[in-house]
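Dumping the structure here so I can ask a few things about it.
Keep in mind that the numbers below use all heavy atoms, side chains included, and drop hydrogens, waters and symmetry copies.
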Amino acid sequence: MIKNETQRPTRAVIIGAGAVGTTTAYTLFLRERVSELVLIDTNHDKALGEALDMNHGLPFAGGVKLWAGDYSDCKDADIIVIAAGSNQRPGETRIDLLKRNTAIFEDIIQNIVKYNDHGIILVATNPVDILSYVTLKKSGFPVNRVIGSGTLLDSARFRYLIGQNKGINPRSIHAHIIGEHGDSELPLWSVANIAGIGIDLTDDERTDIFDRTKNAAYEIINAKGATSYAIALALDRIIASILLNESSVLNVSTLLTDYHGVSDVYLGVPCVVDRTGVREVLNLELNDEELTRFHASANKLKEQIASIFE
């Protein structure tokens with residue numbers, strides 16, 4: 001980002017100095033997306049070490065001002081990324097984990113709104129759709145300014161795998177994963193295309209590509225313990241669209257209202273993202289099978305939301 005020194009500095013705050021938070025910070029740092037970047041973590045020494053390590057690269061990287069801070073630094077933040085949360089414990093159910101992460105988020109959100117009522121909150125912690133819903137309800141922010149990373153990364157994985165199959169750069173593949181960022185997500189083969197031409201794949205190829213898309217995170221976690229690089233790039237993409245007022249179409253998670261009959265749940269769908277956050281939700285045409293799967297995805301998340309708000 002080219003910075004005009006006469007303008008107010010742009011600031012991003014990242015809450016959570018784990019694999020996702022620090023890799024996102026490093027991506028924003030290298031690409032100079034903001035003029036000020038703050039890391040917050042309950043383990044302040046960890047955040048301090050990460051900030052110091054990046055600052056030592058300033059002679060090679062540019063002019064981003066980066067430090068380990070606290071919630072008072074949210075005051076002047078344009079974007080606040082929540083990448084903090086707890087991992088599932090042995091023998092713990094998914095609902096137990098949801099309740100524990102909800103409690104963590106309640107504390108985080110309470111501290112954010114104490115200092116900031118004008119920024120955009122970008123949620124990256126899983127289960128991202130449910131925690132984005134929790135963030136909306138607990139923050140009191142307008143819908144457009146509470147965004148989940150949604151199925152943007154899933155769609156990127158999908159495009160990558162289709163591109164690998166067809167021998168075409170994934171940037172030229174137009175294809176969407178929508179619904180939950182998780183096991184109930186669905187591919188929209190009906191609208192997938194290359195330069196407006198439908199993608200010619202066998203049923204077995206389609207099944208294989210989608211299975212590898214859906215299970216990609218498990219494969220990476222089993223191999224190296226956590227995903228970090230691609231999700232950081234996805235978050236950077238969202239942040240760039242916001243700060244540069246791009247009006248780009250990105251598959252982020254937002255609160256739906258009568259979207260093919262689905263309401264009051266966060267799901268990943270194509271949205272126009274600009275300086276206001278989610279400016280518009282695009283109503284994709286779904287065939288009957290896709291519609292059935294989309295409703296199933298929504299109902300699954302609604303059941304889980306009900307379990308933590310009971």
Test ring-ring contact (aromatic ring centres under 6.0 Å, His included) applied to Phe158 - qualifying residues, sequence neighbours left out =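 For Phe158 the ring-ring contact (aromatic ring centres under 6.0 Å, His included) partners, ignoring immediate neighbours, are Trp189.
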Glu219, CD atom: more than 12 neighbouring heavy atoms under 6.0 Å = no
Any pair with a residue in residues 122-133 that passes side chain to side chain donor-acceptor pair (under 3.5 Å), sequence neighbours left out, goes on the list, sorted by first then second residue, please.
->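 Checked against side chain to side chain donor-acceptor pair (under 3.5 Å) - neighbours excluded - the pairs reaching residues 122-133 are Asp129-Ser253, Tyr133-Asp264.
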Salt-bridge test for Glu180 and Lys300: reply yes if a basic N is under 4.0 Å from a carboxylate O, no otherwise.
-> yes
Taking everything shown except Asn169 itself, do over 12 heavy atoms lie less than 6.0 Å from its CG?
-> yes
OG1/Thr135 to OH/Tyr266 distance, rounded to the nearest 0.5 angstrom?
->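 Reported to 0.5 Å precision, the distance equals 8.0 Å.
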Roughly how far, to the nearest 0.5 Å, is the CZ atom of Arg212 from the CG atom of Asn165?
-> 8.5 Å
Hey, could you give me the OG1/CZ distance between Thr276 and Arg145, rounded to the nearest 0.5 Å?
-> 9.5 Å
Using a cut-off of 6.0 Å, state whether more than 12 heavy atoms not belonging to Phe29 lie near its atom CZ.
->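 Counting other residues, nucleotides and ligands, CZ of Phe29 exceeds 12 neighbours.
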NZ/NE/NH1/NH2 to OD/OE distance under 4.0 Å, Arg275 and Asp78 | yes
Is it the case that more than 12 heavy atoms not belonging to Lys138 sit under 6.0 Å from its NZ atom?
->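 No - once you tally the heavy atoms of other residues, nucleotides and ligands closer than 6.0 Å, there are 12 at most.
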Answer yes or no: are there more than 12 heavy-atom neighbours, outside Asn222 itself, under 6.0 Å from its atom CG?
->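 Enclosed.
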Does NZ or CZ of Arg157 come closer than 6.0 Å to the centre of the six-membered ring of Tyr160, within 45° of the ring's axis?
->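 The answer is no, since Arg157 fails at least one limit relative to Tyr160.
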To the nearest 0.5 angstrom, please state how far the CG atom of Asn116 sits from the CD1 atom of Ile121.
->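 The distance works out to 7.5 Å.
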Kindly compute the distance separating CD1 (Ile168) from CD1 (Ile194), expressed to the nearest 0.5 Å.
->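 So the gap between those two atoms works out to 3.5 Å.
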Mind checking the OG1-NE2 spacing from Thr292 to His295? Nearest 0.5 Å is all I need.
-> 8.0 Å
Listed once per pair and sorted, the salt bridge (charged side-chain N to carboxylate O under 4.0 Å, His left out) pairs that draw on residues 223-244, sequence neighbours left out = Arg31-Asp236, Arg33-Asp236, Arg237-Glu246
Asn43 atom CG, neighbour heavy-atom count above 12 within 6.0 Å |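 Result for CG/Asn43: enclosed.
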